[in-house]
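Read through the structure below, which is laid out as structure tokens, and then see the notes.
In what follows, every heavy atom counts, from backbone to side chain, and hydrogens, waters and symmetry copies are set aside. Here is how names work: the chains are called A, B, and so on, in the same order as the sequence lines, proteins then strands, and each is numbered from 1.
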2 protein chains.
Amino acid sequence: MRKRETIRRTTAKEVAAAAGLSKWTVIRAFTPGSSITEESKRRVMEAAAALNYSPNLLARSLATNSTRQVAVFVDDFRNPQKLPFLETLTDRLQAAGLVAMLININNHFDHVHALLHADQRQVDAVILFGTAFRDETLTDRQLGNGMPPMFVLARDSQIDGVPAVVCDAELALRDIVNHLHERGYRRPGFMSGATALSTALRRRQHFTDFWAEKGVSEIELLSAEKYSAEAGAESVRNYLSQMAPADRIDVLMCENDILALGAIDEIRGRHGLRVPEDIAIVGFDNYELGGSSAYSLTTYEQPRHEMVEAIIGMIVGTIEAETVTLPGKLIIRGST
Amino acid sequence: MRKRETIRRTTAKEVAAAAGLSKWTVIRAFTPGSSITEESKRRVMEAAAALNYSPNLLARSLATNSTRQVAVFVDDFRNPQKLPFLETLTDRLQAAGLVAMLININNHFDHVHALLHADQRQVDAVILFGTAFRDETLTDRQLGNGMPPMFVLARDSQIDGVPAVVCDAELALRDIVNHLHERGYRRPGFMSGATALSTALRRRQHFTDFWAEKGVSEIELLSAEKYSAEAGAESVRNYLSQMAPADRIDVLMCENDILALGAIDEIRGRHGLRVPEDIAIVGFDNYELGGSSAYSLTTYEQPRHEMVEAIIGMIVGTIEAETVTLPGKLIIRGST
DNA sequence: CACCTGCTTGCACCCGGTAGCAAGATATTT
DNA sequence: AAATATCTTGCTACCGGGTGCAAGCAGGTG
């Protein structure tokens with residue numbers, strides 16, 4: 001680890017010697033609310049400043065059985081929406097005196113590995129950010145037995161007893177379908193990115209249900225497999241090549257903005273069609289670039305700050321609910 | 001911390017009792033290469049499995065003075081390029097048995113705070129990812145005195161003795177300028193996102209120098225203050241509104257793809273100009289969306305994987321160099 | 001001036017591991 | 001079979017703090 005082994009950090013004991021007090025008094029000076037005279041505190045602080053001392057959080061964590069570290073599991077880095085979420089999440093965690101351990105869940109490092117690792121590091125909580133265990137994985141009794149509490153962010157929890165914070169999908173899809181219906185669209189399509197995911201299924205289900213309420217029962221289903229612009233484009237390409245112009249959908253809702261942007265590119269570029277005149281497009285997430293004049297994408301914004309505050313509330317224990325569902329905001333732009 | 005205080009994890013001592021051995025033997029069973037009989041190891045492993053034991057990495061870190069945690073400082077979450085970099089970085093760190101602590105540097109939590117915090121958590125290294133201390137901050141003697149080793153990723157180091165891994169800016173700008181010159185452009189402009197940053201200045205300087213070699217000494221300088229599509233668009237808007245069409249630049253190099261995408265939107269949308277016919281555009285980073293047919297942005301790709309491998313090599317000590325400069329790749333598309 | 005109260009301070013022991021030594025057990029040599 | 005070499009195992013001490021108790025000390029009271 002390059003040099004680190006040779007590094008000598010000052011300890012409370014050394015500060016104590018310098019200040020002519022015991023190490024416990026030094027620790028008290030650094031523990032708010034503990035009983036210590038002003039005079040001793042001053043002497044400790046002077047010595048500490050001279051020696052550049054600060055308490056070893058590792059040792060403290062070991063003794064107090066609380067690390068104030070939170071593992072954040074992420075398994076999909078393709079969605080740029082993750083970045084502002086990570087920004088808000090790290091910011092609010094830090095404000096709450098916590099720190100994020102970012103764990104990349106992938107083929108080499110799966111959920112079970114990651115959870116075991118996080119547990120070994122004694123994290124205070126695990127945030128499953130946009131990811132969830134598959135049901136099968138759960139048969140492992142790795143869970144429960146003293147594992148750190150888990151929380152799901154921005155996706156439905158699939159595990160009993162694991163709370164989740166989500167954007168209200170029912171409200172979102174109702175708003176979207178109402179808007180599309182008002183605009184006069186009647187032949188809707190839905191593009192999912194990964195049909196196995198519960199969030200995906202939920203959005204699609206609500207989309208279908210609300211259209212049914214409007215008397216539209218036929219929903220064209222496209223599937224992109226991955227959440228990337230190319231995948232979105234490819235999915236549209238397949239659809240358009242199979243479908244006679246007269247039978248085409250007049251509006252396509254994409255499960256997220258990235259798919260939507262890829263879809264728009266494909267519709268305009270390779271097929272020379274217009275958005276929204278030939279096919280209208282709706283996304284989900286309000287990714288910055290969708291708002292640019294090139295795309296002007298109608299989308300739905302998740303209440304990022306509120307969601308992050310809620311999950312932190314769950315972690316620190318001020319919120320008890322099992323599931324927090326927060327309303328987002330429909331952003332109407334030129335693509336519909 | 002919700003429940004965590006009541007959680008009881010099994011310790012080596014308890015496993016020892018169950019297996020009828022001492023705690024040291026239990027620990028040996030979990031320490032590769034230590035001297036222990038097959039029989040004892042089997043008994044320990046059985047007891048450990050039954051009790052669901054795994055070693056406490058916190059305690060180990062305290063005893064070995066090595067946490068295998070690396071703090072990653074990020075201060076700009078606007079650039080989507082950060083996300084694939086974070087993906088690669090976390091993946092490779094995990095493969096090396098390290099884990100990333102993601103720290104958000106912002107107004108509430110500045111570099112000095114963050115460094116102090118990282119140090120208190122005994123991280124093995126700090127990666128300044130796309131961020132660097134300003135020179136003034138360094139007058140603090142907070143550095144050096146046993147602080148964890150720091151490494152700068154994707155930006156020039158501004159601190160003596162702090163190694164950096166960067167994409168070769170000289171090579172990149174030479175390739176870009178050669179390409180633009182070949183294509184026949186002769187009136188170049190350069191848009192920076194934050195002129196205070198050394199990386200920005202460096203790219204601009206090379207751009208200017210290589211054009212000078214081609215006999216073009218006048219470079220129009222635009223400034224966007226921030227790295228966002230809007231900022232890029234605004235900067236172009238200001239420029240176009242001030243400049244008579246005849247005097248305009250014929251190619252604009254933007255410091256990164258996000259600025260470039262904003263610039264393209266603005267040029268096409270509000271001004272009805274064509275890219276590349278009226279103004280050609282070059283970006284930097286090869287952000288996925290720039291490759292879409294809507295933008296088809298000529299750009300330069302940083303060698304992400306090599307850069308990440310290099311910085312990890314520095315951290316684990318297999319690479320000694322002070323600065324590693326790696327060649328990237330010019331991606332020529334329709335915008336030039 | 002003795003006595004009680006309450007704050008400070010030092011102490012033994014603990015958190016859950018690691019390091020290195022020495023005794024005990026086993027294997028090898030002569 | 002005795003002596004020696006090698007491997008196992010348990011132990012003490014330690015990493016750098018935190019906890020609860022008891023002694024020390026101050027101030028206030030009768």
Using whole Å, report how far CD of B:E14 lies from C1' of C:dC15.
13 Å

Once you round it to whole Å, what is the distance between C1' of D:dG16 and CG of A:N56?
6 Å

Donor-acceptor pair, side chain of B:S157 and main chain of B:V162, under 3.5 angstrom:
yes

Quick one: which of D:dG10, D:dG17, C:dC11 gets closest to the side chain of B:R28?
D:dG10

Of the candidate nucleotides C:dT18, C:dT9, D:dG18, which contains the atom at the shortest distance from the side chain of A:T31?
D:dG18

Restricting to non-hydrogen atoms, name the atom on A:L51 and the atom on A:E14 that form the minimum distance, rounded to 0.1 Å.
CD1-O, 4.0 Å

Roughly how many Å is it from CG in B:N65 to P in C:dA19, rounded to a whole number?
11 Å

With a 4.5 Å heavy-atom cut-off, do B:P80 and B:L83 have their side chains touching?
no

For D:dT9, does OP1 or OP2 lie under 4.0 Å from any side-chain N or O of B:T37?
yes

When you measure from the side chain of B:T64, which nucleotide among C:dG16, D:dG10, C:dT18 comes out closest?
C:dT18

Does any N or O in the side chain of B:N104 come within less than 3.5 Å of the main-chain N or O of A:E87, such that one atom is a donor and the other an acceptor?
yes

Sidechain N-carboxylate O distance under 4.0 Å for B:R42, B:E39:
yes

Over all strands shown, is B:T11 touching base, sugar-phosphate only, or nothing at heavy-atom distances under 4.0 angstrom?
sugar-phosphate

Atom-pair distance (CD on A:E39; C1' on D:dA26), nearest Å
15 Å

Here the distance between atom P of D:dG17 and atom CG of B:L58, to the nearest Å, is 13 Å

Nearest-neighbour nucleotide for the B:A63 side chain, D:dG17, D:dC15, D:dG18 considered:
D:dC15

For D:dT9, take OP1 and OP2 only and decide whether either is under 4.0 Å from a side-chain N or O of B:S40.
yes

Please determine, for the side chain of B:S22, which listed nucleotide (C:dT9, D:dG10, C:dT18) has the closest atom?
D:dG10

Please report the distance, rounded to the nearest Å, between CD1 in A:I36 and P in D:dG24.
20 Å

From the set D:dG16, C:dT18, C:dG17, return the single nucleotide nearest to any side-chain atom of B:L62.
D:dG16

Check if the side chain of A:W24 and the base of D:dT19 share a donor-acceptor pair of N or O atoms closer than 3.5 Å.
yes

Do B:L89 and B:R304 come within less than 4.5 Å of each other through their side chains, counting heavy atoms only?
no

Considering just the side-chain nitrogens and oxygens of B:T25, establish if one lies under 4.0 Å of OP1 or OP2 belonging to D:dG10.
yes

Check: C:dG17 base within 3.5 Å donor-acceptor of B:K23 side chain
yes

Between P of C:dT8 and CZ of A:R42, the distance in whole Å
16 Å

Would you mind classifying the nucleic acid contact of A:F30 as base, sugar-phosphate or nothing, using non-hydrogen atoms under 4.0 angstrom?
nothing

Starting at CD1 of B:I27 and ending at C1' of C:dG16, how long is that distance when rounded to a whole Å?
7 Å

